[in-house]
Amino acid sequence: MRPILWVGVALSVVLGACALKADRPDLESPVAVGSARDRVTESDETPGTRRARVRLELAAAYFGRGQLITALDEVKLAIGADSTLVSAFNLRGLIYGGLGDERLAEESFRRALELDPRDADTLQNYGWHLCQRQRFEEAESLFNRALVTPQYQNIQRTLITLGACQARNQRLEAAEATLNRAFELDPTSPLASVNLAEVLYRSGQFDRARFFIRRVNASEELSNAQTLWLGVRIENKLNNTAGTQSLGRQLRERFPKSAEAIAFEQGKFNE
């Protein structure tokens with residue numbers, strides 16, 4: 001059964017790709033206008049950059065809904081309107097990765113980094129792409145580059161993804177340290193709590209794992225079949241029969257057809 005860890009991180013990567021920004025430097029920094037300095041805004045966009053931005057927003061929306069071919073069509077139109085749009089190549093890399101085209105996915109990420117070697121979103125997404133393909137050292141290097149990018153706003157997201165990659169590489173001690181940093185940045189983040197709970201469970205630290213997963217399973221809005229199943233397995237390891245059965249009932253009632261509910265019924269706690 002696939003660990004919950006990767007599901008949460010994959011979602012964060014998708015959401016990060018859809019949080020698009022203007023990529024052109026002339027739309028982000030003050031510029032000279034006469035003897036004074038002004039800041040260029042969307043009203044200063046050329047028709048081409050405006051078309052590219054709109055197409056890119058559509059591509060991100062289709063990608064978020066899993067309509068990869070339609071998203072690819074839109075991102076191609078965005079690139080056709082503005083071939084310097086870093087986010088378009090970043091998103092194209094994610095789309096081709098989702099379609100299983102490794103060559104074009106990597107080509108897209110590399111092109112985005114040629115345009116802007118410090119684009120943290122591309123570093124994040126390319127890193128996860130490589131991690132999924134067990135190219136762990138390359139992936140970690142990209143994550144670390146993202147983390148030291150000046151004024152980067154999504155440090156916690158990258159720490160969570162880095163921690164997941166370290167865990168996938170069986171570096172559980174490093175993963176725990178990285179995910180602890182992510183949790184310290186925002187203790188309310190369910191992704192940080194779930195991923196840390198999974199790593200602690202795999203490390204045999206069941207009491208600590210219970211603390212973090214309970215924070216998520218206490219809310220019906222945040223919990224799902226995977227978080228409940230992780231809670232079940234933790235309680236089982238702690239020999240807490242009442243806790244195991246209580247979470248198991250929730251799992252069966254809320255997600256009766258899930259793989260996790262079936263595993264609970266069959267008592268497959270260690271698989």
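Each ring pair (Phe, Tyr, Trp, His ring centres under 6.0 Å) pair with one or both residues in residues 181-222, not counting sequence neighbours, appears once here: F183-F212, Y201-F206. Here salt bridge (charged side-chain N to carboxylate O under 4.0 Å, His left out) pairs that include residues 175-196, with residues two or more places apart or in two chains, are E176-R208.
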Item to complete: For the pair R110 and E114, evaluate salt bridge (Lys or Arg N to Asp or Glu O under 4.0 Å) and give the outcome as yes or no after the intermediate values.
Response: CA-CA 6 Å; R110 288 183 178 275; E114 286 175 5; over 6 Å; no

Worksheet item: Stepwise, does the side chain to side chain donor-acceptor pair (under 3.5 Å) test hold for N90 with N125?
Response: CA-CA 8 Å; N90 179 18; N125 292 333; 3.2 Å; yes

Item to complete: Test salt bridge (Lys or Arg N to Asp or Glu O under 4.0 Å) on E57 and R53 and set out the steps.
Response: CA-CA 6 Å; E57 289 171 354; R53 177 173 54 80; 3.5 Å; yes

Discussion item. Test side-chain contact (heavy atoms from CB on, under 4.5 Å) on E107 and L104; report intermediate values, then the result.
Written reply: CA-CA 5 Å; E107 178 186 292; L104 287 176; 3.8 Å; yes

Discussion item. Is there a salt bridge (Lys or Arg N to Asp or Glu O under 4.0 Å) between R157 and D121? Walk through the geometry before answering.
Written reply: CA-CA 10 Å; R157 184 192 73 185; D121 285 331; 2.8 Å; yes

Discussion item. Run the side chain to side chain donor-acceptor pair (under 3.5 Å) test on S193 and R214 for me, step by step, so that the C-alpha distance in whole Å, both residues' side-chain angles and the decisive distance to 0.1 Å come before the verdict.
Written reply: CA-CA 9 Å; S193 291; R214 276 183 170 177; over 6 Å; no

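Counting non-hydrogen atoms of other residues, nucleotides and ligands closer than 6.0 Å to CD of E137 gives a total of 12 or fewer. In the displayed structure, R133 atom CZ is contacted under 6.0 Å by more than 12 heavy atoms of other residues, nucleotides or ligands.
Between S108 and I95 the shortest side-chain heavy-atom distance does not fall below 4.5 Å. The shortest distance between side-chain heavy atoms of Y96 and E102 does not fall below 4.5 Å. For the pair Q245 and F264, the minimum side-chain heavy-atom distance is below 4.5 Å.
In terms of the ring pair (Phe, Tyr, Trp, His ring centres under 6.0 Å) criterion, residue partners of F109 (sequence neighbours excluded) are, by chain and number, Y126, H129. With sequence neighbours excluded, the residues that form a side chain to side chain contact (heavy atoms under 4.5 Å, CB included) with E265 are R252. Residues that satisfy the salt bridge (charged side-chain N to carboxylate O under 4.0 Å, His left out) test with E221, not counting sequence neighbours, are absent from this structure.
Exactly one residue among K268, E198, E260 makes a side chain to side chain contact (heavy atoms under 4.5 Å, CB included) with R233. That residue is E198. The side chain to side chain contact (heavy atoms under 4.5 Å, CB included) test with T161 singles out one residue from Q156, Q166, Q124, and that residue is Q124. None of L147, L179, N154 except one satisfies the side chain to side chain contact (heavy atoms under 4.5 Å, CB included) rule with L159; the exception is L147.
Linking Ile, Leu, Val, Met, Phe, Trp and Tyr whenever their side-chain heavy atoms come within less than 4.5 Å leaves L91 and V54 in two separate clusters.
For the pair R145 and E140, the salt-bridge criterion is not met [side-chain N within less than 4.0 Å of a carboxylate O].
Here the side chain of N236 pairs no donor or acceptor atom with the backbone of V232 at under 3.5 angstrom. Panel note: side chain E235, backbone N240; no donor-acceptor pair is recorded below 3.5 Å. In this structure, S223 contributes its side chain and S219 its backbone to a donor-acceptor pair below 3.5 Å. At distances below 3.5 Å, at least one donor-acceptor pair connects side-chain atoms of R215 with backbone N or O atoms of P187. Listed for the S258 side chain is a donor-acceptor partner under 3.5 Å among the backbone atoms of A261. A distance-only check finds a donor-acceptor pair linking the side chain of D116 to the backbone of R118 [under 3.5 Å]. With hydrogens and angles disregarded, no donor-acceptor distance shorter than 3.5 Å links the side chain of R111 to the backbone of E106.
A side-chain donor-acceptor contact under 3.5 Å links T46 and T49.
Annotation for I79 and R92: closest pair CD1-CD, 4.1 Å, computed over non-hydrogen atoms. For the pair L130 and A139, the tightest heavy-atom approach, listed with the atom from each and the gap, is CB-CB, 4.0 Å. Taking each heavy atom of V199 and A167 in turn, the nearest pair found is CG2-CB, 4.0 Å.
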Which atom pairs, donor and acceptor, lie under 3.5 Å between side-chain atoms of residues 61-69 and protein residues at least two apart or in another chain?
{"from": "R65", "atom 1": "NE", "to": "Q67", "atom 2": "OE1", "distance (Å)": "3.1"}

